[in-house]
Number of protein chains: 2
Amino acid sequence: MPRPREFEPDTVLNVAMLRFWERGYRATSIEDLVKATGVKPGSLYSAFPGGKHALFLKSLERYSRLVVPEKLGALEASDASVAEIRGYFDGLVRDLLSPEGRQGCLLVNTAIEKAAEDDEAAAVVRGHLARLERCMTHALENATRRGQVRASLDCTGSAKLLVATCQGLMVVGKANPDETLLRAIVDNAFAALG
Amino acid sequence: MPRPREFEPDTVLNVAMLRFWERGYRATSIEDLVKATGVKPGSLYSAFPGGKHALFLKSLERYSRLVVPEKLGALEASDASVAEIRGYFDGLVRDLLSPEGRQGCLLVNTAIEKAAEDDEAAAVVRGHLARLERCMTHALENATRRGQVRASLDCTGSAKLLVATCQGLMVVGKANPDETLLRAIVDNAFAALG
DNA sequence: GTTGTTCTTGAATGGTCGCTCATATACGTT
DNA sequence: AACGTATATGAGCGACCATTCAAGAACAAC
């Protein structure tokens, strides 16, 4: 009996995610989203109770669910090893150097912009970091078994370092998207695995 | 003959720097600074032509000039070596774990929040990264001469990696200020220097 | 066709933003 | 004491912010 929705909430959420991703939370206004989607404020607020902040948290979740797996690629597979870690880093560098990828990672941006003042957002970021660390650890363990890294490697510790390295890569890449520099960082990170 | 200034511009600039540091550019309003300093908008704008953005750039420069040297400490000395790099990293970890240091680094925050849209700010950030890299390279060269790291170490490449690592450390620390995690990252970064 | 329910619409709310300007004020000079 | 100059003041500018709400509209059930 009710009047049917004339827009797809997921479409709006996707636009919101993209804006938050490339411009950040504060720099993205509801009016931006209204203009970009054609959905009027009233409809937007009734479709997303909790307003801008709820929309932001849902954007983070959508990013984790749809964008992150695409970037991780084979690194989340159970047989991932050094090559898959390398593939992930190479993908990061490629993104940072391309016009579309300069926005970096929504979750890294969020860690800096909002983690200190927004516990819910910080929790999503922590979940992402833990997920990265889990992948990396698993891949390093596979690599150790296959003799692709030195036997003395501390897999869990090195995984934590690799996670920090890729966060740092994105900070550096955002200020200075220089291919030589970014590749040097990645090469040296892998040289350390022996 | 003119009426004398009743406030010290440097004091205002210092307050601005601190606010930008802990809350970011967008989240800091001129009214914040007016309330914090007692200097009225008109006086503030006449003392800092160019408004908020000029005040921000001057804050970045002040940070580079006063805060960064304090954090780098002995790492900028010509005889710096591994111990000084280690000291710098330990200082970062200590800061990230303390209530006053949770704001991280103004220049890292700026890289994420504004580098993509603000060339002038990005240039200051790039200068900072270059400065860090210079210190690290020099310290690693000293360390090589003294046999404190493996002879095969690529000093310039490892320096770039160390710079990225400390940026990453601050991203991770902001979302997850966990001492064990941060120390593991630092320990593994140094283990790689062999 | 009437009713009930949900959605759409867009004007409007109260607040904050960065910034300006007319006016008043305090000094050194004369 | 009068003047010229640079500052202090703070109300006020237009723009934008997130959010709300009363009114109209589209459907299913009856």
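Chain letters run A, B, ... following the sequence lines, proteins first, then strands; residues in each count from 1.
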- [ ] Tell me what G51(A) touches on the nucleic acid: a base, only sugar-phosphate, or nothing, going by heavy atoms under 4.0 Å.
- [x] sugar-phosphate

Task: By side chain to side chain donor-acceptor pair (under 3.5 Å) - contacts of E117(A) (at least two apart) - done: R26(A), K114(A)

- [ ] Inspect the contact between R102(A) and D95(A) and indicate whether a charged nitrogen and a carboxylate oxygen are less than 4.0 angstrom apart.
- [x] no

Task: Y25(A) OH to dC17(D) P, straight-line distance once rounded to whole Å - done: 13 Å

Open item on the list: Just so I know, are the side chains of L140(A) and L193(A) near enough to count as touching, which here means a heavy-atom distance under 4.5 Å?
Closed with: yes

TODO: May I ask you to say whether R86(A) pairs ionically with D90(A), meaning some side-chain N is under 4.0 Å from a carboxylate O?
DONE: yes

TODO: Assess the pair F89(A) and F190(A): is the distance between their ring centroids shorter than 6.0 Å?
DONE: yes

Open item on the list: Each nucleotide in nucleotides 12-17 of chain C should get exactly one letter: B, S or -. Can you fill that in based on protein heavy atoms under 4.0 Å?
Closed with: -----S

TODO: Round to the nearest Å and state the distance from R5(B) atom CZ to dA6(D) atom C1'.
DONE: 9 Å

TODO: May I ask you to check if K52(B) and F20(B) form a cation-pi contact, with NZ or CZ under 6.0 angstrom from the six-membered ring centre and within 45° of the axis?
DONE: no

Task: Integer-rounded Å distance: dC21(D) C1' and L44(A) CG - done: 16 Å

Open item on the list: Under 4.0 Å between a side-chain nitrogen and a carboxylate oxygen: does that hold for K35(A) and E31(A)?
Closed with: yes

TODO: Let me know the distance between CZ of F7(B) and P of dT7(D), rounded to the nearest Å.
DONE: 9 Å

TODO: With axes from five pairs an end, tell me the bend angle of the helix from dG1(C)-dC30(D) to dT30(C)-dA1(D), nearest 10°.
DONE: 10°

- [ ] Please say which of T28(A), L13(A), V39(A) ends up in a side chain to side chain contact (heavy atoms under 4.5 Å, CB included) with L33(A).
- [x] T28(A)

TODO: Answer with base, sugar-phosphate or nothing: what part of the nucleic acid does F48(B) contact at a heavy-atom distance below 4.0 Å?
DONE: nothing

- [ ] Could you work out which one of dT7(D), dG10(C), dT19(D) sits closest to the side chain of Y45(A)?
- [x] dT19(D)

